[in-house]
Number of protein chains: 2
Amino acid sequence: MKEIIIEIDFNSDEAIYMQLRNQIIMGIAVAEIQEGDSLPSVRKLSEKIGVNMHTVNKAYSVLKQEGFIKLDRRKGAVIAVSTDKLEALADMKKQLRLILARGCCRNITRNEVHELVDEIFQEYQAE
Amino acid sequence: MKEIIIEIDFNSDEAIYMQLRNQIIMGIAVAEIQEGDSLPSVRKLSEKIGVNMHTVNKAYSVLKQEGFIKLDRRKGAVIAVSTDKLEALADMKKQLRLILARGCCRNITRNEVHELVDEIFQEYQAE
DNA sequence: GCATCTGTTATATGATTGGTGTAACAAATA
DNA sequence: TATTTGTTACACCAATCATATAACAGATGC
């Protein structure tokens, strides 16, 4: 089991539990953590990164609600990604609409977005 | 000058001023509002959609800060999109990282993302 | 059995944010 | 002159974020 590297920016305007959630999702994407792996317990992780237990618990609850982990009393928080692709595609499209609108206003082209997508996918699909 | 259509969902967990900001950005992207057009005054718009003046003012301030409008005492809030493409590309990449990570976990492929991007660009680039 | 660790829940507190309300000011407009 | 504009300054209430302390039941290790 690998060690998960979490970096919290306490000066960020982004909530700590959201930073946690996002970094864990990206950790799954780059296969730093894999299906079936366990995350540290809320108490261990909270102590490690210097935040309150409830803050970590909230991040885990969101991840559970969004279908990235399952909470097991025996194994703790286990990576278990739901595979509802249709819902995931719908979610992604909704989020892309705003981001692409912002880019479109700045004259970012369709091809430039495609290039960005390819660059990021290269980071993620590296096994 | 066209009438801008704003729909606020008061039951949404998204802040009203953010809904406003996002809808105005998307309005610019679909060319519903164009460079040089004026947005309604903060008081007019607040009355129209039934929110407080300060809420609209906050949305306009964010749009100004992000380089989508300029506030002029004569013409009000005028669409004036900054054209710092490099910064826009960097911003977009940062935001795409999280969204694509979420999709990558759900086994969404590179090509599926490209298709989504093309679909959305078709909505936006319609002149 | 016993101590420990787990997720979970409950309650409380302080700081920050979101939204509203009222009011006032200077500049621009009609 | 009267009105409208963006802007600013207060104040208020509700919700959220993060913290703190505490307790509970189930699982684990000795």
Side-chain angles (χ1 to χ4, degrees), chain A residues 1 3-4 6-25 33 36-80 98, chain B residues 1 3-4 6-25 33 36-80 98:
Chain A
M1 196 194 310
E3 189 85 357
I4 304 129
I6 302 282
E7 297 276 350
I8 298 299
D9 178 5
F10 290 96
N11 295 323
S12 171
D13 56 345
E14 193 174 29
I16 297 176
Y17 79 97
M18 289 296 272
Q19 293 186 46
L20 263 170
R21 180 199 73 150
N22 293 343
Q23 291 190 32
I24 290 170
I25 290 176
I33 338 168
D37 283 354
S38 290
L39 293 172
S41 76
V42 289
R43 288 176 174 85
K44 285 269 180 60
L45 186 53
S46 70
E47 196 178 358
K48 186 177 174 185
I49 61 182
V51 300
N52 190 274
M53 185 195 74
H54 293 76
T55 305
V56 177
N57 198 352
K58 191 166 187 178
Y60 281 11
S61 296
V62 173
L63 286 167
K64 179 189 177 187
Q65 165 72 20
E66 296 182 328
F68 287 99
I69 64 176
K70 285 189 176 177
L71 297 177
D72 189 322
R73 205 173 275 276
R74 282 168 288 185
K75 301 178 184 176
V78 182
I79 306 297
L98 178 62
Chain B
M1 200 195 305
E3 189 86 354
I4 305 130
I6 303 282
E7 298 275 348
I8 298 298
D9 178 5
F10 291 96
N11 295 323
S12 170
D13 55 345
E14 192 174 31
I16 296 176
Y17 79 96
M18 289 296 272
Q19 292 185 46
L20 263 170
R21 180 199 74 148
N22 294 343
Q23 290 189 33
I24 290 170
I25 290 176
I33 338 169
D37 283 355
S38 290
L39 293 172
S41 76
V42 289
R43 289 175 174 84
K44 286 268 179 62
L45 186 53
S46 70
E47 195 179 357
K48 185 178 177 184
I49 61 182
V51 300
N52 190 274
M53 185 194 73
H54 294 5
T55 306
V56 177
N57 197 358
K58 192 166 185 176
Y60 282 12
S61 296
V62 173
L63 285 167
K64 178 187 176 188
Q65 166 72 22
E66 296 182 327
F68 287 99
I69 64 177
K70 286 190 176 176
L71 298 177
D72 189 322
R73 205 174 274 275
R74 281 167 288 184
K75 301 178 183 175
V78 181
I79 306 297
L98 178 61

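Proteins come first, then strands; the chains are lettered A, B, ... in the order of their sequence lines, and each starts at number 1.
To the nearest 0.5 Å, atoms CD (B/Q23) and CG (A/L98) are separated by 10.5 Å. For the atom pair CD1 of B/I69 and CD1 of B/I33, the computed distance is 9.5 Å after rounding to the nearest 0.5 Å. One finds the CD1 atom of B/I16 at 11.5 Å from the OG atom of B/S46 (value rounded to the nearest 0.5 Å).
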| request: Can you run through DNA chain D from 5' to 3' and write each base as (, ), [, ], | or . depending on how it pairs? Watson-Crick or G-U wobble, both distances under 3.5 Å. | output: ||||.|||||||||||||||||||.|||||

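Put simply, A/Y17 has no side-chain N or O that comes within less than 4.0 Å of OP1 or OP2 on D/dA18.
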Please list, one pair per line, the donor and acceptor atoms closer than 3.5 Å that link side chains of residues 48-65 of chain A to other protein atoms, with sequence neighbours excluded.
from, atom 1, to, atom 2, distance (Å)
A/K48, NZ, A/E3, OE2, 2.8
A/K48, NZ, A/I4, O, 3.3
A/N52, OD1, A/H54, N, 2.8
A/N52, OD1, A/H54, ND1, 2.9
A/Y60, OH, A/P40, O, 2.8
A/S61, OG, A/N57, O, 2.9

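In this structure, the CD atom of B/E47 is 14 Å from the C1' atom of D/dT3, given to the nearest Å. Atom CD1 in B/I16 sits about 13 Å away from atom P in D/dT16, given to the nearest Å. Distance CD (A/E14) to P (D/dC17): 12 Å, rounded to an integer number of Å. Counting to the nearest Å, the C1' atom of D/dA18 and the CG atom of A/N11 are 15 Å from each other. Across the protein-nucleic acid pair, A/K58 atom NZ and D/dT16 atom P stand 8 Å apart, rounded to whole Å.
A/E47 is linked by a salt bridge (Lys or Arg N to Asp or Glu O under 4.0 Å) to nothing, counting only residues two or more places apart in sequence or in another chain. Evaluation of the side chain to side chain donor-acceptor pair (under 3.5 Å) rule for A/E14 yields A/N22 as partners, not counting sequence neighbours.
Where DNA chain C meets chain B (any atom under 4.0 Å from a heavy atom), the bounding nucleotides read 5' to 3' are C/dG18 to C/dT29.
In this structure a side-chain-to-backbone donor-acceptor pair under 3.5 Å is present from A/S38 to A/K75.
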Using nucleotides 5-7 of chain D, report all nitrogen or oxygen pairs with the protein that are shorter than 3.5 Å.
from, atom 1, to, atom 2, distance (Å)
D/dT5, OP1, B/S41, OG, 3.2
D/dG6, OP2, B/V42, N, 3.4
D/dG6, N7, B/R43, NH1, 2.8
D/dG6, O6, B/R43, NH2, 3.1
D/dG6, N3, B/R73, NH1, 3.3
D/dT7, O4, B/R43, NH2, 3.1

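Results of the side chain to side chain contact (heavy atoms under 4.5 Å, CB included) test with B/L39 over B/I79, B/L71, B/I6, B/L45 single out B/I79 as the only residue that passes.
The nearest pair of heavy atoms linking B/S12 to B/Q19 is CB-NE2, 3.4 Å.
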